[in-house]
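Read through the structure below, which is laid out as structure tokens, and then see the notes.
Residue numbers start at 1 and run along the sequence shown. Read the numbers this way: they start at 1 and go in the same order the structure lists the ligands and their atoms.
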Amino acid sequence: MDREKALEIVKKQITEHRYLHTIGVMETANKLAQLYGANEKKAEMSAVFHDYAKFRPKEEMKEIILEQGMPEDLLQYNSELWHAPVGAFLVEKEVGITDPEVLDAIRYHTSGRPNMTKLEKVIYLADYIEPGRIFPGVDEVRQLASTDLDRALIKAIQNTIMFLLKKGQQVYPATFHTYNDLVSKKGGLLNE
Ligand code: DGI
Ligand code: FE
Ligand code: FE
């Protein structure tokens, strides 16, 4: 599927604001894929569809999680997490994307997971640093992203966990597991 067709499909699923975010993620993912040697076409497709399910009713997402045998513990955590695995399912079912690497990049774009592929890292990070994002600390992650994919990812996850803690929200265990996995592989003193 070409980029124009993909964008046309996703535009109907999301708000104008979210569509602009999607364009930003697509452009950023293209750059990161080129820089770090991930598949550029797959990065583009994953980026375009990553938030496909963002505006589905909670009840529909809940039903899909239960019926499709997705991790049920998701339902005990922030519903913001649901659109990622549900998106992977719907993009396959409704759009006909079958590439498992693209579907996994969509599935894990919010929580991450241990042993993330390069494509998954590119999409997670592109989602975090696309030009429309303005949250505190994003510039530091942008800087890191130009030289070190894993360190950028670790910083992004640190910021996310910190943000959730400050708001007194729960943190989904996979987010911690992703963080621990990346740090253990990097080893040593990451804050220097
Ligand atoms: O869909 P986006 O807004 O583009 O970004 P996203 O898919 O990374 O969603 C992030 C939202 O999910 C953000 O509002 C925080 C919320 N959230 C709740 N619990 C967790 C979480 N995000 C992460 N990464 N990990 C959590 O445990
Ligand atoms: Fe998302
Ligand atoms: Fe997003």
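You'll find the ring centres of His83 and His50 outside the 6.0 Å limit.
Annotation: atom 8 (O) of ligand 1 to nearest protein heavy atom, Asp127 OD2, 3.4 Å. What sits closest to atom 27 (O) of ligand 1 on the protein, heavy atoms only, is Tyr172 N, 2.8 Å. For atom 2 (P) of ligand 1, the nearest protein heavy atom (residue, atom name, distance) is Arg18 NH1, 3.2 Å. Nearest to atom 24 (N) of ligand 1 among the protein's heavy atoms is Thr110 O, 2.6 Å. For atom 17 (N) of ligand 1, the closest heavy atom belonging to the protein is Leu164 CD2, 4.0 Å. At the shortest separation from atom 16 (C) of ligand 1 among protein heavy atoms lies Glu80 CB, 3.7 Å.
Residue-ligand proximity, Asp51 to ligand 1, at heavy-atom distances under 4.0 Å covers atoms 1 (O), 2 (P), 4 (O). Counting atoms of ligand 1 from 1 in the listed order, those under 4.0 Å from a heavy atom of Thr175 are 23 (C), 25 (N), 26 (C), 27 (O). In the vicinity of Val171, heavy-atom distances shorter than 4.0 Å reach the ligand 1 atoms 27 (O). Within ligand 1, counting atoms from 1 as listed, the ones closer than 4.0 Å to a heavy atom of His21 are 4 (O). Residue Asn78 has at least one heavy-atom neighbour below 4.0 Å for each of these atoms of ligand 1: 18 (C), 19 (N). Near His83, meaning under 4.0 Å from one of its heavy atoms, ligand 1 places the atoms 1 (O), 7 (O). The atoms of ligand 1 that sit less than 4.0 Å from any heavy atom of His109 are 7 (O).
With hydrogens and angles disregarded, a donor-acceptor distance shorter than 3.5 Å links the side chain of Ser184 to the backbone of Asp181. Within the 3.5 Å criterion, the main-chain N or O of Ala145 finds a donor-acceptor partner in the side chain of Tyr36. The backbone N or O of Glu130 lies less than 3.5 Å from a partner atom in the side chain of Arg142, making a donor-acceptor pair.
A salt bridge links Arg56 and Glu94; the closest N-O separation between the charged side-chain nitrogens and carboxylate oxygens is under 4.0 Å. Note on Glu44 versus Lys41: salt bridge recorded, some NZ/NE/NH1/NH2 to OD/OE distance being below 4.0 Å.
Geometry about the Fe ion (ligand 2) gives an angle of 90° between NE2 of His109 and NE2 of His83, rounded in steps of 10 degrees.
Residue contacts with ligand 1: Lys54 is placed with a nitrogen or oxygen under 3.5 Å of a nitrogen or oxygen of the ligand (distance criterion only).
Atom NE2 of His21 is separated from atom OG1 of Thr15 by 10.0 Å, given to the nearest 0.5 angstrom.
A 4.5 Å side-chain heavy-atom check between Gln169 and Phe163 finds every atom pair outside the cut-off.
A donor and an acceptor atom, one from each side chain of Lys155 and Gln158, are located under 3.5 Å apart. Side-chain contact annotation: Asn115 with Lys185, donor-acceptor N/O pair under 3.5 Å present.
Using a 4.0 Å threshold on non-hydrogen atoms, atom 20 (C) of ligand 1 counts as touching the protein.
Taking both residues in full, the closest heavy atoms of Ala29 and Ala47 are given as CB-CB, 4.0 Å, listed atom of the first, atom of the second, then distance.
The Fe ion (ligand 3) has His50 among its coordinating residues (N/O/S atom, backbone or side chain, under 2.8 Å). Inclusion of Asp127 in the first shell of the Fe ion (ligand 3) is supported: an N, O or S atom falls under 2.8 Å.
Taking the six-membered ring for Trp and thresholds of 30 and 60 degrees, Phe135 and Tyr128 have ring planes inclined between 30 and 60 degrees apart.
Selection from Gln169, Lys167, Arg133, His50 by nearest heavy atom to atom 5 (O) of ligand 1 gives Arg133.
The N, O or S atom of Asp51 lying closest to the Fe ion (ligand 2) is OD1.
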